[in-house]
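One structure, as C-alpha cells, below. Some questions next.
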Amino acid sequence: MASVKGSQLVWLTIAVSLGIFMNILDVSIANVAIPTIAGNMGVSADQGTWIITSFSVSTAIVLPLTGWLARRFGEVRLFVISTALFTVASFMCGLSTNLPMLIFFRVLQGAVAGPMIPLSQSLLLANYPPDKKGLATALWATVAVAAPVLGPILGGYITDNYSWPWIFYINIPVGIFSVYMTWSILHNRETEIGKPPIDFVGLLLLIVGVGSLQILLDQGKDLDWFNSNVIISLTTTSVIALSFFIVWELTEKNPIVDLTLFKLRNFAIGTTAISFGYMIYFGSVVILPLWLQTQMNYTPTWAGLVTAPLGILPIIIAPSLGRIMNYVDLRILVSIGFIVFAFCSFWLSGFSTDVGAGNIAWIRFIQGIGAPCFFVPTITILLSGLPDTRLASAAGLSNFLRILAGSFGTSISVTLWAHREAVHQSSLIESVTPYHGALQNTLTHLQGVGTTLQSSQAQIYANAINQSYMMATNDIFWVSGYFFLALMILIWFARPPFLTKKAAVASD
C-alpha cells in the first residue's frame with residue numbers, strides 16, 4: 001500500500017501525535033494533583049497514590065498485548081477505539097465523586113492507554129514514505145520526551161488556578177480531534193485482520209505477574225519494601241508468574257506476546273539499551289524536582305518550570321535528526337546522546353545548596369541535546385529489519401519494557417536517595433560534638449541574634465538534613481553518569497543496516 005502524502009500526512013502526524021501526547025501527559029499531570037484530589041475526596045495522600053498505581057498497572061498489563069490485539073482487530077481500528085475510550089474515561093474521571101469511582105475509571109483509562117503508545121509509533125512508520133521513516137520516529141520521540149516535562153507544569157497550573165477535574169477534561173477536545181482525523185485518513189488503510197486464538201494461560205500469567213510487579217514497584221517505598229509481608233508476597237507472586245509466563249510463551253504455538261523478537265540481535269540490543277537508559281534517565285527526572293520541592297522550597301509549578309528546558313532542544317533537533325539518520329551510523333548518534341547525559345549527570349553531581357534556578361535550567365537545556373540523540377536512533381535500531389506486520393508487536397513489547405524500567409528507575413532512585421541521605425546524615429551528626437569549634441561559633445552567633453539554644457540546635461539539625469539530601473542527590477547523578485557511559489558501549493553490539501523491511505527494499 002502506498003504511503004500517505006501531502007497534507008494528509010501532516011494531519012495524520014498531528015492527530016496521532018496529539019493522541020499520544022494526551023496519553024503520556026496524563027501520567028505526569030495527575031502526579032501533581034494527587035494531594036489536592038485526596039484532600040477533596042477526604043482520603044489520605046497514601047490512598048490517593050492508587051490514582052497513579054491503578055493507571056500504571058492496567059497500562060503495563062495491556063501494553064505487551066498490543067501486537068495480538070492489532071492482529072485481532074486491526075491497528076487503525078484499535079488505535080481509534082482506544083483513543084475514543086481514553087477520552088470517555090477521562091471525562092468520567094473528571095466526574096468521579098469518590099476514590100473508588102475514580103480508581104475504576106483510571107483502570108479503564110490505563111487499559112485503553114496501553115495500545116495507543118506503540119500503535120501511534122507503528123501507524124506513523126507504516127504510512128510514512130520509506131525515506132522519511134527516520135523523521136516519523138523523530139517526531140514520535142519528541143512528543144514522548146516533551147509530554148512528561150510539560151505535565152507537572154500544566155498540572156500545577158490547572159490545580160492552582162482551576163479545579164482538579166480539568167486535568168482530565170482537557171483531554172476531551174484533543175481526543176475527539178485525534179479520533180476524527182485518524183479515522184478520516186486511515187479508515188481505508190486498515191492492516192490485515194485475523195483471528196489468532198486466545199492464549200488464556202499466557203494472558204492469566206501476564207496479568208498476575210505484571211500486575212503484582214507494578215503494584216510492588218509503586219507501593220514498595222510506602223510499605224517499607226521487604227519489611228512488609230505484602231511486598232514479599234507480591235515479589236514471590238510476580239517472580240513465579242513471570243517465570244512460568246516466559247517458559248509458556250516460548251513454547252506456545254500461538255503466544256499472546258511474541259518473545260521470539262528477542263532472537264533478533266538489533267531488537268534485543270536496542271530494547272535493552274532503551275530500557276536501561278530510560279530507567280536511569282527517568283530516575284534522575286524524578287529525583288531532581290523531588291529534591292527541589294522538598295529541600296529547596298520550590299513550589300511544584302516552579303520545580304516544573306526549572307526542569308522544563310529539557311523539552312526545548314528535542315523539538316528543534318529531532319526533525320533534523322530524522323532527516324540525517326539515513327546517512328549517519330546510528331550508533332554514533334546514540335553514543336552522543338549517552339555522552340551528553342553522562343556529562344550533565346556529572347555536572348549535576350557537583351551542585352551545592354547554593355545553586356540557583358538558572359544554573360539548573362541551563363543544564364536541563366543542555367541535556368535536551370542528549371534526549372533526541374538517545375531516543376530516536378535507539379528506537380530505529382530496535383525496529384530495524386522488521387516487516388510492517390511485526391512493528392506493532394515489537395513496539396508494544398519494547399515500550400512495555402521501557403515503561404516498566406522507568407518504574408524500576410523511580411523506585412530504585414527514590415529508595416537509594418533516602419538511604420544515602422541517612423548515611424550522610426549519620427556521618428554529619430557523628431562529626432559534630434559539643435566541643436566542635438564551628439558548632440560553638442554557630443550557636444554563639446545564633447544566640448547573639450536572639451535565638452534560643454533549643455531553636456539554634458534545631459536550625460543546625462535542619463541544615464544537616466538539608467546538606468545530607470544534597471549529597472544524596474549528588475550521589476544519584478554521579479552513579480547515573482557512569483551507567484550512561486557503560487550503556488554507550490552496549491549499543492555498539494547492534495549490527496547495521498538499521499532499516500525496516502520496507503525501507504530496505506525501497507533503497508535497493
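Owing to the predicted nature of the structure, the values given are computational and were not obtained by experimental measurement.
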Is there a side chain to side chain donor-acceptor pair (under 3.5 Å) between Trp140 and Ser120? Walk through the geometry before answering.
CA-CA 8 Å; Trp140 185 92; Ser120 63; 2.7 Å; yes
Sub-6.0 Å ring centroid separation between Trp362 and Phe365
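Aromatic pair counts; centres sit under 6.0 Å.
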Note, Arg364 side chain near Leu288 side chain (heavy atom, < 4.5 Å):
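Side chain of Arg364 against side chain of Leu288, heavy atoms only: contact under 4.5 Å found.
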Heavy-atom check, side chain of Val257 versus side chain of Phe245, under 4.5 Å
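Side chain of Val257 against side chain of Phe245, heavy atoms only: contact under 4.5 Å found.
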Passes side-chain contact (heavy atoms from CB on, under 4.5 Å), Glu252 versus Val201? Steps please.
CA-CA 10 Å; Glu252 170 63 19; Val201 175; over 6 Å; no
Got Ile14 and Met181 here, is their nearest side-chain heavy-atom distance under 4.5 Å?
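Answer no - side chains too far apart.
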Assess whether atom OH of Tyr298 is packed by more than 12 heavy atoms of other residues, nucleotides or ligands within 6.0 Å.
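Yes.
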Are Tyr482 and Phe346, when compared by the centres of their aromatic rings, separated by less than 6.0 Å?
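Yes - the distance between ring centres of Tyr482 and Phe346 falls below the 6.0 Å cut-off.
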Is a side-chain donor or acceptor of Asn23 paired with a backbone partner of Gly19 at a separation under 3.5 angstrom?
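No, Asn23 side chain to Gly19 backbone: no donor-acceptor pair under 3.5 Å.
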Rounded distance [0.5 Å steps], CZ in Arg77 versus CG in Leu69
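With rounding to 0.5 Å, CZ (Arg77) is 13.0 Å from CG (Leu69).
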Ala141 and Ile379: which non-hydrogen atoms are nearest, and at how many Å?
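Closest heavy-atom pair between Ala141 and Ile379: CB-CD1, 4.4 Å.
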Between Thr87 and Asn171, is any side-chain donor less than 3.5 angstrom from a side-chain acceptor?
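Judged by distance alone, the side chains do not pair up.
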State, with a plain yes or no, whether a side-chain heavy atom of Thr182 is found less than 4.5 Å away from one of Thr83.
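A side-chain contact is absent here, since even the closest heavy-atom pair is not under 4.5 Å.
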Would Ser122 and Glu75 count as having a side-chain donor-acceptor pair, cut-off 3.5 Å?
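Judged by distance alone, the side chains do pair up.
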Tell me whether the count of non-hydrogen atoms from other residues, nucleotides or ligands lying under 6.0 Å of CZ in Phe483 goes above 12.
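Open: at most 12 neighbouring heavy atoms sit under 6.0 Å from CZ of Phe483.
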Could you measure the distance from the CD1 atom of Ile315 to the CG atom of Leu139? Nearest 0.5 Å is fine.
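Nearest 0.5 Å value for the CD1-CG distance: 11.0 Å.
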Considering residues, nucleotides and ligands other than Trp492, do more than 12 of their heavy atoms fall under 6.0 Å from its CH2?
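Enclosed.
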Do Thr473 and Trp417 meet the criterion of a side-chain donor-acceptor pair at a distance under 3.5 Å?
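Distance-only check passes for Thr473 and Trp417.
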With no hydrogens and no angle check, just 3.5 Å: does a side-chain donor-acceptor pair link Asn266 and Arg495?
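Side-chain D/A pair, Asn266 to Arg495: absent.
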Where is the tightest heavy-atom contact between Val355 and Met296, given as atom of each residue plus distance?
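The pair with the smallest heavy-atom distance is O-CE, 4.2 Å.
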Is the shortest heavy-atom distance from the side chain of Val80 to the side chain of Tyr180 under 4.5 Å?
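They are not in contact (no side-chain heavy atoms under 4.5 Å apart), so the answer is no.
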Between atom CG of Leu321 and atom CD1 of Ile317, what is the distance when rounded to the nearest 0.5 Å?
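That separation rounds to 8.0 Å.
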Tyr128 and Thr13 side chains, donor-acceptor separation under 3.5 Å:
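Judged by distance alone, the side chains do pair up.
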Are the side chain of Thr59 and the backbone N or O of Ala111 linked by a donor-acceptor pair below 3.5 Å?
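Checking the backbone N and O of Ala111 against the side chain of Thr59, no donor-acceptor pair under 3.5 Å is found.
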Any non-hydrogen side-chain atom of Leu397 less than 4.5 Å from a side-chain atom of Asp258?
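No. Closest side-chain heavy atoms not under 4.5 Å.
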Considering the options Leu333, Val334, Ile269, which one meets the side-chain contact (heavy atoms from CB on, under 4.5 Å) requirement together with Thr378?
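For Thr378, the side-chain contact (heavy atoms from CB on, under 4.5 Å) test succeeds with only one of Leu333, Val334, Ile269, which is Val334.
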Take Glu249 and Ile256, measure what side-chain contact (heavy atoms from CB on, under 4.5 Å) needs, and give me the verdict at the end.
CA-CA 7 Å; Glu249 293 299 285; Ile256 202 162; 3.6 Å; yes
Where do Phe338 and Gly277 come nearest, in terms of heavy atoms and distance?
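Nearest heavy atoms, Phe338 then Gly277: CE2-CA, 4.4 Å.
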How far apart are the C-alpha atoms of Thr191 and Val76, what are their side-chain angles, what is the distance that settles it, and do they pass the side-chain contact (heavy atoms from CB on, under 4.5 Å) test?
CA-CA 7 Å; Thr191 57; Val76 176; 5.5 Å; no
Rounded to the nearest 0.5 Å, how far apart are CG of Leu206 and CZ of Phe400?
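One gets 6.5 Å once the value is rounded to the nearest 0.5 Å.
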Between Trp248 and Asp199, do the side chains contain a donor N or O and an acceptor N or O under 3.5 Å apart?
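Indeed, the side chains of Asp199 and Trp248 share at least one donor-acceptor pair under 3.5 Å.
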Roughly how far apart are Ser335 OG and Ile491 CD1, rounded to 0.5 Å?
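So the OG of Ser335 and the CD1 of Ile491 are separated by 7.5 Å.
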Between Thr271 and Ala268, is there a donor-acceptor pair closer than 3.5 Å when you use the side chain of the first and the backbone of the second?
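No; zero donor-acceptor contacts below 3.5 Å.
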Does the side chain of Ser238 reach to within under 4.5 Å of the side chain of Leu216, using non-hydrogen atoms?
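Yes, close enough: below the 4.5 Å cut-off.
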Please determine whether the number of non-hydrogen atoms from other residues, nucleotides or ligands lying under 6.0 Å from atom CH2 of Trp302 exceeds 12.
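Counting other residues, nucleotides and ligands, CH2 of Trp302 stays at 12 neighbours or fewer.
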As a quick check of understanding, evaluate side chain to side chain donor-acceptor pair (under 3.5 Å) for Ser90 and Gln109, giving each step before the final call.
CA-CA 7 Å; Ser90 297; Gln109 190 184 38; 2.8 Å; yes
Testing the basics here: between Pro196 and Arg72, what is the closest heavy-atom pair and its distance to 0.1 Å?
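Taking Pro196 first and Arg72 second, the nearest heavy atoms are O-NH1, 2.7 Å.
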Would you say Arg71 and Ser393 are linked by a side-chain donor-acceptor pair, where the criterion is simply a distance under 3.5 Å?
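Yes, a side-chain donor-acceptor pair sits under 3.5 Å.
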Between Ser411 and Trp225, do the side chains contain a donor N or O and an acceptor N or O under 3.5 Å apart?
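Note: Trp225 and Ser411 side chains miss the donor-acceptor criterion.
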Aromatic ring pairing Phe262/Phe267, orientation class (parallel under 30°, perpendicular over 60°, tilted between)
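Phe262 vs Phe267 ring planes: perpendicular.
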Measure the CZ-CD distance between Phe343 and Gln367 for me, rounded to the nearest 0.5 Å.
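Answer rounded to 0.5 Å: 11.0 Å.
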Leu242 versus Val210: any side-chain heavy-atom pair under 4.5 Å?
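In short, these two side chains touch, coming nearer than 4.5 Å.
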Please report the closest heavy-atom contact between Pro118 and Gly114, naming both atoms and the distance.
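Nearest pair, atom of Pro118 first, then Gly114: CD-O, 3.1 Å.
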Determine whether the aromatic ring centres of Tyr281 and Phe341 lie less than 6.0 Å apart.
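Ring-ring flag for Tyr281/Phe341: true, centres closer than 6.0 Å.
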Please give me the minimum heavy-atom distance between Met470 and Trp291, naming the atom from each residue.
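Residues Met470 and Trp291, closest heavy atoms: SD-CZ2, 3.2 Å.
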Give a yes or no on this: more than 12 heavy atoms of other residues, nucleotides or ligands lie within 6.0 Å of atom CH2 of Trp11.
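No.
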Can you check whether Ser184's main-chain N or O pairs, donor with acceptor, with His187's side chain at less than 3.5 Å?
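Pair found, side chain donor or acceptor close to backbone of Ser184.
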Chi angles and distances behind the side-chain contact (heavy atoms from CB on, under 4.5 Å) call for Leu65, Leu203:
CA-CA 9 Å; Leu65 301 177; Leu203 180 60; 3.7 Å; yes
